Protein chains: 2
Amino acid sequence: MATIRDVASEAGVSVATVSRVLNGKGYVNENTRKAVEAAIRKLAYKPNEVARSLYHHQSKLIGLVIPDITNPFFPEIARGVEDFFQEEGYHVMIGNSDESREKEVNYIEAFSQHNVMGIISTSSDDISQWAGLDIPVVLLDRIQDDFPSVCADQEAGGKLAAQILLERGSRNITLMRGPHHLRTAQERFLAALTELGRSSARFQVLNTAFSYHHALETAKQLFDCYPDTDGIIAANDMVAAAVLREALARGKKIPDGLQIIGFDDIPISQLVYPALSTIHQPAYEMGMEAAKLLLECMHQQTNLKKKIKLSIAFKDRETTRKEGG
Amino acid sequence: MATIRDVASEAGVSVATVSRVLNGKGYVNENTRKAVEAAIRKLAYKPNEVARSLYHHQSKLIGLVIPDITNPFFPEIARGVEDFFQEEGYHVMIGNSDESREKEVNYIEAFSQHNVMGIISTSSDDISQWAGLDIPVVLLDRIQDDFPSVCADQEAGGKLAAQILLERGSRNITLMRGPHHLRTAQERFLAALTELGRSSARFQVLNTAFSYHHALETAKQLFDCYPDTDGIIAANDMVAAAVLREALARGKKIPDGLQIIGFDDIPISQLVYPALSTIHQPAYEMGMEAAKLLLECMHQQTNLKKKIKLSIAFKDRETTRKEGG
DNA sequence: TTGAAAGCGTTACCAC
DNA sequence: GTGGTAACGCTTTCAA
């Protein structure tokens, strides 16, 4: 790899001059600039980011920590973040935390050691680890007083899901509740629960994890315990898909005998049959917004504690009855 | 952030000594070691990876380029790579190439500028860009004479898919062909085609892209053009799921009237109903193996051109008839 | 308009 | 055993 010194001697100038043309700052004569640029091209020189980073204590790197890239909700987010920062000349390092505090801390350290310019985290609820850091942090999918954040309106989503099922005629609803420690899952659950509580419909609650292995189990359990259920509010689309599968396997009529509503609107929800009605979270946009917000924080030194709440929307597909029908 | 100099003065020794205890090499008295370790703890000192990297021309970073993290096949691979390297104390930078040479080159440059120790690429077939690089590269899902590589046995997969459908009674098969420029897609297609050609069954070929938007379109087209098809070899599971959806929507009996076989065995193939019969590619393991191979290459200076071919397996689920049935 | 040199945080060589 | 110091590749201040 050619270094700045190689370029300097090739062009017959000092490294300082090369640096100036590289960064477009400081005076440099038009002709020497030409010479330097020629040398750069000739040697196919690329500045060493590591050296730059060492000097500036900054790099063109962004850290992103998510629970698990294998969960289809997060790649969308990651793409949003990446697509935004790509435009700005940054690169994104992704870390999977598996909801483990240890892994998350490990990534944060790695990020910090590599001088990332900012971090987006969509993982743990434990905020203590962010406190010491002097790097801007944006929280995605969770909120904390001291940090800027982006999230989707879980409460509106949970409420809407319940309303839809009720409006469209379910009278015996099973509400599935995601992992208790995930604030988002808890929020949408609570909002749906409240809505259900306000109605005269019968309902019951069933706990579930988010992994598809687990979801398949829970689905079986659901129909064993509550064979008469005629409406299911799934904790997310993975779970909804599993439930749908099990329902079809047991010969349920959907949506006439049983309505199912998911949450997230991950790509597969359009691929199953019948296509999943679901509460859409704008995952890609959330990633984009978080990235945009982070960039703002990076530019202004001040920790602007802006909170962005994106709205959700109901996707009326095939596992719910038609409105007024 | 505390630096090595802070630690040195805190412990009353020189930076050289601190460096020695940090790296566990060279002599250092037991007591001074204790003192230094105490100082490190007290200041919560973490060595600056960037400075290390600058000196060594190496970092604990690995570059991974994939076509699109949003395609469910790749997160599995990425996890394999990441889980392996995590154990070894490395961190993985992921880049989405979107099958664009420009983006891929851009990432390679970024990786190289950050002194990554090695690169795994599962993207473009254009190998020229790797040639100049003095960083070990492992190719995933493609092979090239000059590079070590890991891939699954596409030919065996394509052949197997065709055999299964034939054995289990399909006589009018639609073979879906993925993007022509993707070697893997082409290989499995060709192998299936050959197998079909050897049989007496009728068959036709239909082109498709891999995205789910596109797949849904193609699925419609398929049944419009070939309503009598009784067996479909999909280009991958996304496409298979889309086809399955459309088939069900049109009231086809599966698997009795129509068999469908996918490729990849992504998580959703077990979530749809009926569950997709498919050719399993060991994505996670492929990531792991590629990582392991890369680590070997990094340790031995020599470019070992080892090629690893992982075997595929048929997952006998619900969109194919039972054997001998 | 240009160059010399200090400094970013580490490591490793060479004295002591 | 330990410390001084050059070097890694780059940026920036200061003098010329």
Side-chain angles (χ1 to χ4, degrees), chain A residues 1-37 39-40 43-61 89 109-117 134-135, chain B residues 1-37 39-40 43-61 89 109-117 134-135:
Chain A
M1 263 300 184
T3 76
I4 198 173
R5 246 189 289 278
D6 300 330
V7 175
S9 64
E10 173 72 30
V13 298
S14 76
V15 296
T17 304
V18 177
S19 179
R20 273 185 220 106
V21 348
L22 241 33
N23 299 290
K25 46 178 78 156
Y27 300 97
V28 33
N29 181 303
E30 202 44 38
N31 290 327
T32 60
R33 150 169 283 111
K34 291 257 164 57
V36 170
E37 279 166 352
I40 289 178
L43 301 177
Y45 166 76
K46 298 280 170 193
N48 180 324
E49 280 302 320
V50 173
R52 283 190 157 163
S53 170
L54 178 59
Y55 184 90
H56 281 127
H57 296 286
Q58 302 188 349
S59 68
K60 296 297 254 181
L61 251 28
E109 269 174 15
F111 291 163
S112 150
Q113 286 176 0
H114 285 287
N115 287 344
V116 301
M117 291 280 279
D134 54 352
I135 302 172
Chain B
M1 262 302 183
T3 78
I4 198 174
R5 246 188 288 280
D6 300 329
V7 176
S9 64
E10 173 71 28
V13 298
S14 75
V15 294
T17 304
V18 176
S19 179
R20 272 185 221 107
V21 349
L22 241 32
N23 298 289
K25 47 177 76 157
Y27 299 95
V28 34
N29 181 305
E30 201 44 39
N31 290 327
T32 60
R33 150 168 283 112
K34 291 255 163 59
V36 170
E37 279 165 353
I40 289 178
L43 302 176
Y45 166 75
K46 298 279 171 195
N48 180 323
E49 280 301 320
V50 174
R52 284 189 157 165
S53 170
L54 177 59
Y55 185 89
H56 281 127
H57 297 287
Q58 302 188 347
S59 68
K60 295 296 255 181
L61 252 29
E109 270 174 14
F111 290 161
S112 145
Q113 287 176 359
H114 284 288
N115 288 344
V116 301
M117 292 277 279
D134 54 353
I135 301 172

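The basis for the numbers below is simple: all heavy atoms, side chains too, and nothing from hydrogens, waters or symmetry mates. Naming convention: chains lettered A, B, ... in sequence-line order (proteins, then strands); numbering from 1 in each chain. Keep in mind that this is a model prediction, so the values were computed, not measured.
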Protein-nucleotide distance ([X], atom [atom1]; [N], atom [atom2]), rounded to Å:
X: A:I4; N: D:dT12; atom1: CD1; atom2: P; answer: 11 Å
X: A:E49; N: D:dT11; atom1: CD; atom2: C1'; answer: 13 Å
X: B:L54; N: D:dA7; atom1: CG; atom2: C1'; answer: 9 Å
X: A:R5; N: D:dC10; atom1: CZ; atom2: C1'; answer: 9 Å
X: B:R52; N: C:dT10; atom1: CZ; atom2: C1'; answer: 8 Å
X: A:H56; N: D:dG9; atom1: NE2; atom2: P; answer: 18 Å
X: B:H114; N: D:dC10; atom1: NE2; atom2: P; answer: 13 Å
X: B:I40; N: C:dG9; atom1: CD1; atom2: P; answer: 16 Å

Nearest of [options] to any side-chain atom of [X]?
X: A:A16; options: C:dG9, C:dA4, D:dT11; answer: C:dA4
X: A:A51; options: C:dA4, D:dG3, D:dC10; answer: D:dC10
X: B:V15; options: C:dT11, D:dT11, D:dC8; answer: C:dT11

| request: Tell me which of B:P47 and A:E30 sits closer to the 5' end of DNA chain C, going by the nucleotide each one is nearest to. | output: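 First, find each residue's nearest nucleotide; the 5'-ward one identifies A:E30.
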Looking at [X], does any N or O in its side chain come under 4.0 Å of the phosphate oxygens OP1/OP2 on [N]?
X: A:Y55; N: D:dT13; answer: no
X: B:R20; N: C:dA12; answer: no
X: B:T32; N: D:dT2; answer: yes
X: A:S14; N: C:dT2; answer: no

key: Where A:I4 and A:Y45 come nearest, the two heavy atoms and their spacing   =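 Residues A:I4 and A:Y45, closest heavy atoms: N-CE1, 3.5 Å.
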Nearest heavy-atom approach of B:A35 to B:A11 is O-CB, 4.0 Å
Check: Counting N and O atoms only, with roles assigned by atom type, does the side chain of A:S59 sit under 3.5 Å from a partner on the main chain of A:N115, one being a donor and the other an acceptor?
Finding: yes
Using distance only, find each side-chain donor-acceptor pair of residues 15-31 of chain A under 3.5 Å and give its atom names and separation, not counting sequence neighbours.
residue	atom	partner	partner atom	Å
A:T17	OG1	A:S14	OG	3.3
A:S19	OG	A:N23	ND2	3.3
A:N23	OD1	A:R52	NH2	3.4
A:N23	ND2	A:S19	O	2.8
A:N29	OD1	A:N31	N	2.6

What residues 22-29 of chain B contributes to the DNA chain D interface at heavy-atom separation below 4.0 Å is B:Y27, B:V28, B:N29
So, taking the atom named [atom1] in [X] and the one named [atom2] in [Y], what distance separates them when rounded to the nearest 0.5 Å?
X: B:T3; Y: B:K46; atom1: OG1; atom2: NZ; answer: 15.5 Å
X: A:H114; Y: B:L61; atom1: NE2; atom2: CG; answer: 4.5 Å
X: A:H57; Y: B:N48; atom1: NE2; atom2: CG; answer: 7.5 Å
X: B:Q113; Y: A:M1; atom1: CD; atom2: CE; answer: 7.0 Å

At under 4.0 Å between heavy atoms, what does [X] touch on the DNA or RNA strands: base, sugar-phosphate, or nothing?
X: A:V18; answer: nothing
X: B:T3; answer: sugar-phosphate
X: B:V50; answer: nothing

Rounded to 10°, the angle between the first-five-pair and last-five-pair axes of the helix from C:dT1-D:dA16 to C:dC16-D:dG1 is 50°
